Amino acid sequence: MSRFYITTAIDYANGEPHVGHAYERLGADAIARYRRLRSDDVEFLIGMDEHGQKVAQAAEAQGLTPQALTDRIAAQFKDTWDRLDITYDRFIRTTEAGHKAGVRALVERIYARSPDAFYEKEYEGYYCVGCELFKREAEIEDGHCILHPTRTLEWKTERNWFFRLSAYTEFARKLNSRPGFIEPEARRNEILALIDSGLEDISVTRARLAWGIPWPKPLSNGESQVTWVWFDALPNYLTATGFPEVGWEKRWPAQIHVVGKDITRLHCVIWPAMLEAAQLPHPERVWAHGFALFKGEKVSKSSGVAFSLDEAISRHGPDAFRYFLLREIPWDADGTYTWERFDERYTADLADGFGNLASRVLAMLGRYRDGKVPQGPPTELDQAATDSVARYTKEMDALLLHKGVSAAWELVTAGNGYVDRRAPWTQAKAGDNAGLDETLAALARTLERLAVLLSPFIPDASGKLWSALGLGPSIPVASAWDHLKNPVCGGGQTSRIPALFPKPAASP
């Protein structure tokens, strides 16, 4: 059993969850579920980033304390992820005492192991509250941050502690040149170009801001400041292991950080440099996914593009929403979606495809064999399953989730085609009992395999199908992968269940 520690970027606590948040969590959850099927010891971390100027401003605007605001928003995020059946093992909040202690310990370790890493300096520049970052000239367009065009940049002048990021240029170049550290390939090229343009030292404390983790050391003038929000947020991946308490080394480093392509600089340059300065292992891999775009535009609080996550989940249910986003939006690039496309996918793929196959097979088992799955020899459908599993495994190992679920859907299509070709109703009418047993057995094995393959994407429907096949109340993750090669449903007692994905009522 291999350890597999997977994380997502922690969500910033200044607004409600939106589709962009959901896309990242759903993708990471599918990866975590798949790795569990492959018998890995999975630790899946998500959480909330709760400090910084943006949170303080949002709280003030609502007449709340920052803590009251973050408590409310954290609860909303947790409720949403539970509704979508995100199987996280740990939900971290940067306002937790353990995280604060861990950040302080990390900073103090950097001071001790790399004494020249921090220094004081007067600084001035344009600051984007939306990014919580000072912006370079190339990141500003028409006087606005290119990522938050509706926000006004703030000119700030203050004396801060700085982190000597420039000293880690060669380290960052070597790390990001290593095949497999940052993927997909296009993201690696972007980071290497950034490094080649020259890394600048970064301000890591903020003056005149109370809502943050106190920096361990005052400035030479005696002024105390708080930790820059990203220098506070990035260590969550480490502090969630229990750092610096005994035993944290057993859970670090992370095998993969799943993040959006807009924060690769932070995760592929700044965060590894922090760890290098502290003489700690860096994460093994960073996957930078693209954006889920609604009608070609990014959905976010600052963009003004309105799209309700609650409405999207309620439209056809959590499983359908999970399937649609992960099938429709490439995991390695940007992708766009619409309500119309969601409805089309639901009807064609889930209702008429997978749902119809499950209903047909369970109904025929009930009608012709009193619900008992007959035994039968391998058929062409078993070979199609072998081929689909091979493609599925290859794509899932490569983290190409949209291709992985597509490979599984090839078996759905093959199953429905097999029903039509074999025509079990004709076999039954003709009294061809041996042929009918062969057909129904092959179809039942296909459903068993599909329940396993699709469980990372549509877990609720997969679990219901598993139970309907008489295989138990839930899919046994520890042994489920074995069922792909050796299905065990033969001889079992099945049951009829309501349609997994009922067709929407026709418009009057």
Side-chain angles (χ1 to χ4, degrees), residues 1-6 26-44 85-89 255-256 258 284-285 287 319 322-323 326-327 331 354 357-358 361 373 375-376 378-379 381-415 441-492 494 500:
M1 180 181 290
S2 300
R3 184 176 64 83
F4 190 80
Y5 181 23
I6 178 173
L26 290 174
D29 184 60
I31 295 169
R33 287 175 179 271
Y34 170 69
R35 297 314 313 183
R36 292 188 190 105
L37 290 175
R38 304 308 308 271
S39 299
D40 284 349
D41 179 16
V42 174
E43 180 79 9
F44 179 18
D85 204 4
I86 306 298
T87 55
Y88 59 88
D89 298 287
Q255 274 58 61
I256 184 169
V258 175
E284 295 178 6
R285 188 180 193 185
W287 183 274
D319 261 14
R322 288 176 62 105
Y323 170 78
L326 296 179
R327 177 72 186 268
W331 190 237
F354 175 66
L357 177 63
V361 174
V373 179
Q375 302 289 350
T379 70
L381 192 53
D382 293 278
Q383 183 57 54
T386 299
D387 295 342
S388 288
V389 169
R391 286 190 290 272
Y392 175 92
T393 304
K394 175 185 176 182
E395 302 298 358
M396 294 298 284
D397 284 346
L399 301 187
L400 298 176
L401 307 181
H402 56 297
K403 293 184 177 181
V405 70
S406 178
W409 229 258
E410 292 172 3
L411 186 55
V412 173
T413 302
L443 288 168
R445 291 194 297 269
T446 297
L447 291 186
E448 183 176 346
R449 288 168 168 137
L450 284 172
V452 175
L453 293 176
L454 295 177
S455 60
F457 300 93
I458 48 174
D460 183 61
S462 296
K464 289 177 178 176
L465 178 58
W466 185 268
S467 180
L469 288 169
L471 296 169
S474 61
I475 298 175
V477 176
S479 60
W481 197 256
D482 296 336
H483 290 252
L484 297 176
K485 185 175 182 180
N486 299 303
V488 299
C489 60
T494 65
L500 294 174

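The structure presented is a predicted model; accordingly, all values stated were derived computationally and were not measured.
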Exercise for review: Apply the test side chain to side chain contact (heavy atoms under 4.5 Å, CB included) to residues E448 and V373: give CA-CA distance (whole Å), side-chain angles for both, the deciding distance (0.1 Å), then the verdict.
Suggested key: CA-CA 11 Å; E448 183 176 346; V373 179; over 6 Å; no
Check your understanding: So, for F44 and I86, which heavy atoms are closest and what is the spacing to 0.1 Å?
Key -> CE2-CG2, 3.7 Å
Point to revise | From L447 atom CG to S462 atom OG, the distance as rounded to the nearest 0.5 Å | key: 11.0 Å
Check your understanding: Shortest non-hydrogen contact from A444 to V361?
Key -> N-CG1, 4.2 Å
Review point. What heavy-atom pair brings W331 and G27 nearest, and what distance separates the two atoms?
Key: CH2-CA, 3.5 Å
Check your understanding: Can we say R391 and D387 salt-bridge, meaning some charged N sits less than 4.0 Å from an Asp/Glu carboxylate O?
Key -> no
Practice item. Starting at CZ of F354, measure out to CZ of F457 and round the result to the nearest 0.5 Å. Key: 13.0 Å
Review point. Under 4.0 Å between a Lys/Arg side-chain N and an Asp/Glu carboxylate O for D319 and K464?
Key: no
Check your understanding: Does a side-chain N-to-carboxylate-O contact under 4.0 Å join R322 and D29?
Key -> yes
Exercise for review: State whether a side-chain donor-acceptor pair under 3.5 Å links D397 with Y34.
Suggested key: yes
Exercise for review: Taking the side chain as every heavy atom from C-beta outward, state whether D382 and T386 have any pair of such atoms under 4.5 Å apart.
Suggested key: no
**Study point:** Evaluation steps, side chain to side chain contact (heavy atoms under 4.5 Å, CB included), between I256 and R35
**Key:** CA-CA 12 Å; I256 184 169; R35 297 314 313 183; over 6 Å; no
Practice item. Determine whether R449 and V452 make a side-chain contact, defined as any pair of heavy atoms from C-beta on separated by less than 4.5 Å. Key: no
Point to revise | Closest non-hydrogen atom pair, W466 against S474 | key: NE1-O, 3.3 Å
Point to revise | 4.5 Å side-chain heavy-atom contact, F4 and R38 | key: no
Check your understanding: Roughly how far, to the nearest 0.5 Å, is CZ of R445 from CD of Q375?
Key -> 8.5 Å
Point to revise | Flag for T87-R36: side-chain donor and acceptor within less than 3.5 Å | key: yes
Review point. Are any of the side-chain heavy atoms of I6 and I31 separated by less than 4.5 Å?
Key: yes
Revision key, fill the gap. Looking only at heavy atoms, the pair that brings I475 and A480 closest together is CG2-CB, 3.7 Å
Check your understanding: With side chains defined as the heavy atoms from C-beta onward, is the minimum distance between R3 and D40 less than 4.5 Å?
Key -> no
